[in-house]
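First the structure, in the form of structure tokens, and then the observations on it.
Lettering follows sequence order; numbering is per chain, from 1.
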2 protein chains.
Amino acid sequence: MPARIEDVAATAGVSMKTVSRVFNNEPNVREKTRARVEAAAKALNYRPNPSARGLAGNRSYLVSLVFDDPAAGSSYIMEIIVGMLVACEQSRYSAMLRPLEYASADHIGAVEDSIARYRPDGLVLVPPFADDVKLLRRLDELGVRYATISAKAKIGHERVGTILDERKASAEMIAHAVALGHRRIGHVAGPLPHGGRAWRLAGYRDGLRRAGLPYDEALVVDGGFSFEAGIAGARHLLDLDEPPTAIFAANDDSACGVMHEAFERGLAIPRDLSVFGFDDTPTSRHVWPGLTTVRQPCRDMGRIAAEQLLALIRDPTAGELVHVPYELQIRQSSGPAPSRPRPRPRSRTR
Amino acid sequence: MPARIEDVAATAGVSMKTVSRVFNNEPNVREKTRARVEAAAKALNYRPNPSARGLAGNRSYLVSLVFDDPAAGSSYIMEIIVGMLVACEQSRYSAMLRPLEYASADHIGAVEDSIARYRPDGLVLVPPFADDVKLLRRLDELGVRYATISAKAKIGHERVGTILDERKASAEMIAHAVALGHRRIGHVAGPLPHGGRAWRLAGYRDGLRRAGLPYDEALVVDGGFSFEAGIAGARHLLDLDEPPTAIFAANDDSACGVMHEAFERGLAIPRDLSVFGFDDTPTSRHVWPGLTTVRQPCRDMGRIAAEQLLALIRDPTAGELVHVPYELQIRQSSGPAPSRPRPRPRSRTR
DNA sequence: TTGTAGGCGTTATCAC
DNA sequence: GTGATAACGCCTACAA
């Protein structure tokens, strides 16, 4: 029922190929012809049939975002995909979501399977997939194009995508804490297989070192990116004989867990404890007090990664790794270090 | 490079059509033949080419989720789409996201445009699109199939999808407040064009009526679904000569705004003010105290809506509107009404 | 600068 | 139950 390229050609009085040229921005079309074709297309409300285009061109005009399923629901992923959609729109591509279980026995097989099924022209990978050397190597073998969104190019496999220097951002966050007078700063680290963990932890250590503060292993607790991990981490740290006056959590969800546990103990934030997060999720603005955290420009990252990927798809030598800026969001969860030892925990205030 | 249906046919010693029949679960294939085909397909790692399938079958095997762009980032949308993906996976469909601006001059045109461009076999609509009579009528005219996710079938246009009785849920929430002794209950209503507003407001009124409490217009403030709207709404309500002892916000984001404003004024929750939300976003668990709210099974809703839509696509007489259950999540933001008048606001406690 | 022929990999039609 | 053949709508290659 919809108009076909043939109809447009007939209306414009040109061949199908000319219409095709116009729609694909190919050269060798006289301006006047181009205008005539465009008018005809508009009159007929012509849109190229994506399936036909894909079949004939041996492409799917599809890029997929590969991420860890448990992260579904996070605003991070949503922002990335919306950014990707922006980039895709302009290139007549579409974007699809592939939540896969990174922890599963054969996550690389799952990625391959997804590729075989949907035949995307390329992938956008976020951590932990973006940090997985084996996966990247396999994709290279298969000749599958991909863009990575990550904290650092680790292995030279990453060719295009975005990089946000999480290590530097974390160090800056620690510097902020130090400037507020904090000397004992705890860290609830990210989950083990996740790239974010290493860089944020490294930045934490950098920050301490630069401030001339010792690195105390007792102040670092293995955590995770979840609210519950934050609670557990805070319990551990606040139960220490000499608890920290500030806690840097590896992401906002776990930072919220830290705040939660502090409140449960009757601690006031930031009077008794300062808390820092990472990601700047909507939640970080919505909690009280507002959470001091690191903003990542997720939507831009998604857009840029897709743009670079599309460039790479067009031309295998094109595209680059783009550094994107982070931004400290100083809110009310961070304040001066208590001058005196913290008061004994009061009973719950509810 | 990947195996084609022809290769599978040759390997299995049957015709292409027979392979096609096997892959599409069509009848008239002997069990033994089917097994042979499946073995051949497995050996060759054959996957049907989606573009070719779409072109030949005059379908796209694609459903798209239409939602209001500003809602991007909300976990609500993310959960819906993940649910849709589950349903799609099984039917060899894929799902795509279409964030559109509902407030734009011609949002119906935008939907039509999106359909023309991507040719989905069907749409899943969430509010406010799902509540838009004009849009639904237009889609019917165009013969476009759709499923709605909404609070109530309003107009008979909705044929398949999910319904969650937000009115009843809201009334129940008010009943909960009343049971805690609250008599003056404020409401920060949702945004005007949004279906959610009307049903949640109606439920609020139902709840009051059933408790024998008067409906006081002064206690209802036009709000929105944003954190900022919650702040503004709370300011208004808490500035009243006789402020409410409980506030029911139309969603969790605005409820967080209410909590924020209460804290800014030095009020303790729930001692001085009880707060209720709607949606059960991750944030509602992460704030302190935890927000009492209404859980919607978003992932199920997405899955069911997609399932019903796919059924409708297969058979125009199939599919139905499925009622899905809500669930009150009683957390710590709701507590007994203060027996005495609220103490005068203290200075900020930070 | 423009046009023609053939094929992409599947499904639909209809015959056997 | 099974198979041959013609679409499906576009793009690539080559020709003019």
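Heavy-atom minimum distance, A:Arg159 versus A:Leu312: NH1-CD1, 3.7 Å.
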Residue pair B:Asp69, B:Tyr102: steps toward the side chain to side chain donor-acceptor pair (under 3.5 Å) verdict: CA-CA 7 Å; B:Asp69 195 0; B:Tyr102 188 75; over 6 Å; no
Evaluation steps, side chain to side chain donor-acceptor pair (under 3.5 Å), between A:Ser114 and A:Arg98: CA-CA 8 Å; A:Ser114 169; A:Arg98 301 304 310 155; 3.1 Å; yes
Working for side chain to side chain contact (heavy atoms under 4.5 Å, CB included), residues A:Leu123 and A:Val111: CA-CA 10 Å; A:Leu123 308 178; A:Val111 175; 4.0 Å; yes
Base-contact (B) and sugar-phosphate-only (S) positions in nucleotides 7-16 of chain D, heavy-atom cut-off under 4.0 Å, - elsewhere: -BBBBBB---
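Salt bridge present: A:Arg303 and A:Asp300 bring a charged side-chain N and a carboxylate O closer than 4.0 Å. Here B:Lys152 does not pair with B:Asp131 in a salt bridge; the nearest charged N to carboxylate O distance is not below 4.0 Å.
No side-chain heavy atom of B:Arg4 sits less than 4.5 Å from a side-chain heavy atom of B:Leu44. The shortest distance between side-chain heavy atoms of B:Tyr76 and B:Phe67 does not fall below 4.5 Å.
Listed by residue number, B:Asn28, B:Val29, B:Arg30, B:Thr33 are the residues of residues 28-40 of chain B with a heavy-atom contact under 4.0 Å to DNA chain D.
Taking only side-chain nitrogens and oxygens, A:Thr18 comes nearer than 4.0 Å to OP1 or OP2 of C:dG3.
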